[in-house]
Structure formats: C-alpha cells, structure tokens
Amino acid sequence: MTPKTSQNSLTIMTNIVLPNETNSLRNLFGGELLAKMDRCASIAATRHCARRVVTASVNHVSFNYPIPEGGIVVLEAKVSRAFSTSMEIYVDVWLDDPIQQKKIPTNEGIYTFVAVDDNNKPVRIPEVIPETDLEKERYTAALRRKELSLVLSGRLAAQDAHEIRKLFVS
Ligand SMILES: CC(C)(COP(=O)(O)OP(=O)(O)OC[C@H]1O[C@@H](n2cnc3c(N)ncnc32)[C@H](O)[C@@H]1OP(=O)(O)O)[C@@H](O)C(=O)NCCC(=O)NCCS
C-alpha cells in the first residue's frame, strides 16, 4: 500500500456561529463544536485511506478559548499517524477574524478512526509520511496516545504499554 503524506488528508471546514448553536453565554455550544470536529476528522480519515471509517475513540479535546455568536470558526484536520487499521486524526480549531486580521487558536481534538470493509470489519490502511516538524512531533507522540487510549478503554494492560512506560522509566 503506498504511504501518503499527512498533508494529503488535510480537511478544512469554515463556518459562522449561528444563534441556535450557542450556549447561555452566547458562545458556541461545546457539543456543536464536537460534532463539527468529528465530521472534519472523519473526512480527513476517509481521504487518507479511501475507505469507510468509524470513530473508535475521542482521545482528547480541549476547549481553550470561547467562540462567540457570529464568530468564524475554522477547523483543520489531518491524519497524524496510521497504524494497521486505525489512524489518529488531529483537529485544530481557530477563531478567524478577517476584520482584525487575527486567527486565534481555540481548541484541539485528537481522534482515532478505524477503516472498515462492507461487513464493518477493520481493514489495513496506508502508512503516513509526516513532513513538517509539527507533523513529525505529532506522528511520534501518536503511539503513546494510542497506548493510553487502549489502556483507558481496557484493551491493553498497563504493563504492556511500553511507550508510556518509557516516559516514566529511564
Ligand atoms: C471501532 C471498531 C471498528 C473496532 O473494531 P474491533 O473489532 O474492536 O477491532 P480491533 O480490536 O481489531 O481494533 C481495530 C483497531 O482499532 C484500534 N482501537 C480500537 N479501540 C480503540 C480505542 N479505544 N483507542 C484507540 N484505538 C482503538 C485497535 O487498536 C486497532 O488498531 P490497529 O489495527 O491500527 O492496531 C468497532 O469497535 C466499532 O465498529 N465500533 C463502533 C464505531 C462507531 O459506531 N462509531 C461511531 C460512534 S457514534
């Protein structure tokens, strides 16, 4: 299977925050943002493997900065690493202000998607070639995150999480 760059899966979604998407503080409701991030990540995953994909895990989401009603929200998703049948997708979110010409990072999310066949069975996917420094950093850390997610979901025994153990044992 021919490896693909992270850039190959780049998916950008731009939206304006409407009143029915906000919370009582008139900022974008967290659940609305999660749905947008999941959509964006699923498109990036599909672009990488050219298969149907399912969300296996949401490994991390941070809400660092509120996005107000009327704000322009930009989501960028890329596959940071592919394993056998699963892949990590990193989603970066910004509040874009074309009037002030500012782009404020607001959120990030890290997802695991699995490619599946017509019977919903996991299938092999191409490897990822990271190119930029950031892509390389995320690629390397993705293995630790996969182990952590597997430990937390009860799919891997803590003593078998070798990459995580390396962080604590010199
Ligand atoms: C995700 C799913 C296809 C995995 O199927 P499975 O039979 O458990 O398959 P496996 O155990 O072989 O796991 C497949 C891959 O997913 C990875 N995986 C599974 N659960 C994971 C988790 N919680 N975190 C990280 N990776 C996970 C496995 O490590 C494996 O990766 P690899 O092949 O790259 O090494 C299956 O659980 C499923 O269909 N879940 C429902 C998905 C869904 O409906 N999502 C939408 C939610 S609304």
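Quick caveat, the model's predicted, so the values are computed rather than measured. Ligands are counted one by one from 1 in listed order, and the atoms in each one are counted from 1 as well.
- An N or O contact shorter than 3.5 Å links T85 to ligand 1 by distance.
- Counting only heavy atoms from C-beta outward, the side chains of H48 and P126 approach each other to under 4.5 Å.
- Contact annotation for atom 48 (S) of ligand 1: protein absent (non-hydrogen atoms, distance under 4.0 Å).
- Residues V91 and K36 fail the side-chain proximity criterion, which asks for heavy atoms closer than 4.5 Å.
- For atom 2 (C) of ligand 1, the protein comes within 4.0 Å by no heavy atom at all.
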Trace of the side chain to side chain contact (heavy atoms under 4.5 Å, CB included) decision for V93 with M37: CA-CA 8 Å; V93 185; M37 291 168 87; 4.0 Å; yes

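- Put simply, atom 36 (C) of ligand 1 has no protein non-hydrogen atoms near it, under 4.0 Å away.
- Taking CG from D96 and OG1 from T14, the interatomic distance works out to 7.5 Å, rounded to the nearest 0.5 Å.
- L150 CD2, 3.8 Å is the protein heavy atom nearest to atom 21 (C) of ligand 1.
- In M87, neither the side chain nor the backbone holds a heavy atom less than 4.0 Å from any atom of ligand 1.
- Counting the atoms of ligand 1 from 1 in the order shown, those under 4.0 Å from a heavy atom of A56 are 1 (C).
- At a distance under 4.0 Å, a protein heavy atom can be found next to atom 24 (N) of ligand 1.
- L33 and Y65 end up in the same hydrophobic cluster when Ile, Leu, Val, Met, Phe, Trp and Tyr side chains are linked at under 4.5 Å.
- When atom types are taken as modelled, the side chain of K78 and the backbone of S9 share no donor-acceptor pair closer than 3.5 angstrom.
- Protein heavy atom in closest approach to atom 38 (C) of ligand 1: V54 CG2, 4.6 Å.
- Of all protein heavy atoms, the one lying nearest to atom 20 (N) of ligand 1 is R155 NE, 3.2 Å.
- Residue contacts with ligand 1: N120 is placed with no nitrogen or oxygen under 3.5 Å of a nitrogen or oxygen of the ligand (distance criterion only).
- For ligand 1, the atoms sitting less than 4.0 Å from at least one non-hydrogen atom of T112 are 25 (C), 26 (N), numbered in the order shown with element in parentheses.
- Considering backbone and side-chain N/O of N59, none are found under 3.5 Å from N/O of ligand 1.
- Less than 4.0 angstrom separates some heavy atom of S153 from each of these atoms of ligand 1: 23 (N).
- Of the listed residues (K146, E147, K121), the one carrying the non-hydrogen atom nearest atom 29 (O) of ligand 1 is K146.
- Within a 6.0 Å radius of CZ in F29, other residues, nucleotides and ligands contribute 12 heavy atoms or fewer.
- Side-chain contact check for L34 versus V61: some heavy-atom pair is nearer than 4.5 Å.
- Side-chain atoms of S62 and N107 include no donor-acceptor pair closer than 3.5 Å.
- Within the 4.5 Å cutoff, the side chain of E76 has heavy atoms near those of the W94 side chain.
- Ligand 1 places these atoms under 4.0 Å from at least one heavy atom of T55: 42 (C), 43 (C), 45 (N), 46 (C).
- The one candidate from T11, V53, L10 that meets the side-chain contact (heavy atoms from CB on, under 4.5 Å) condition with R47 is T11.
- Of the protein's non-hydrogen atoms, the one nearest atom 34 (O) of ligand 1 is S86 OG, 2.7 Å.
- When each of R81, R145, R144 is paired with E88, the salt bridge (charged side-chain N to carboxylate O under 4.0 Å, His left out) condition holds for R145 and for no other.
- Per-atom contact check: atom 44 (O) of ligand 1 does not touch the protein, criterion being a heavy-atom distance below 4.0 Å.
- Using a 4.0 Å cut-off to heavy atoms of S57, the atoms of ligand 1 that qualify are 22 (C), 23 (N), 24 (N).
- Within the set P122, S84, S149, S42, the minimum heavy-atom distance to atom 22 (C) of ligand 1 is found for S149.
- Considering only heavy atoms from C-beta on, R165 stays 4.5 Å or farther from E147 through its side chain.
- Of all protein heavy atoms, the one lying nearest to atom 16 (O) of ligand 1 is V114 CG2, 3.2 Å.
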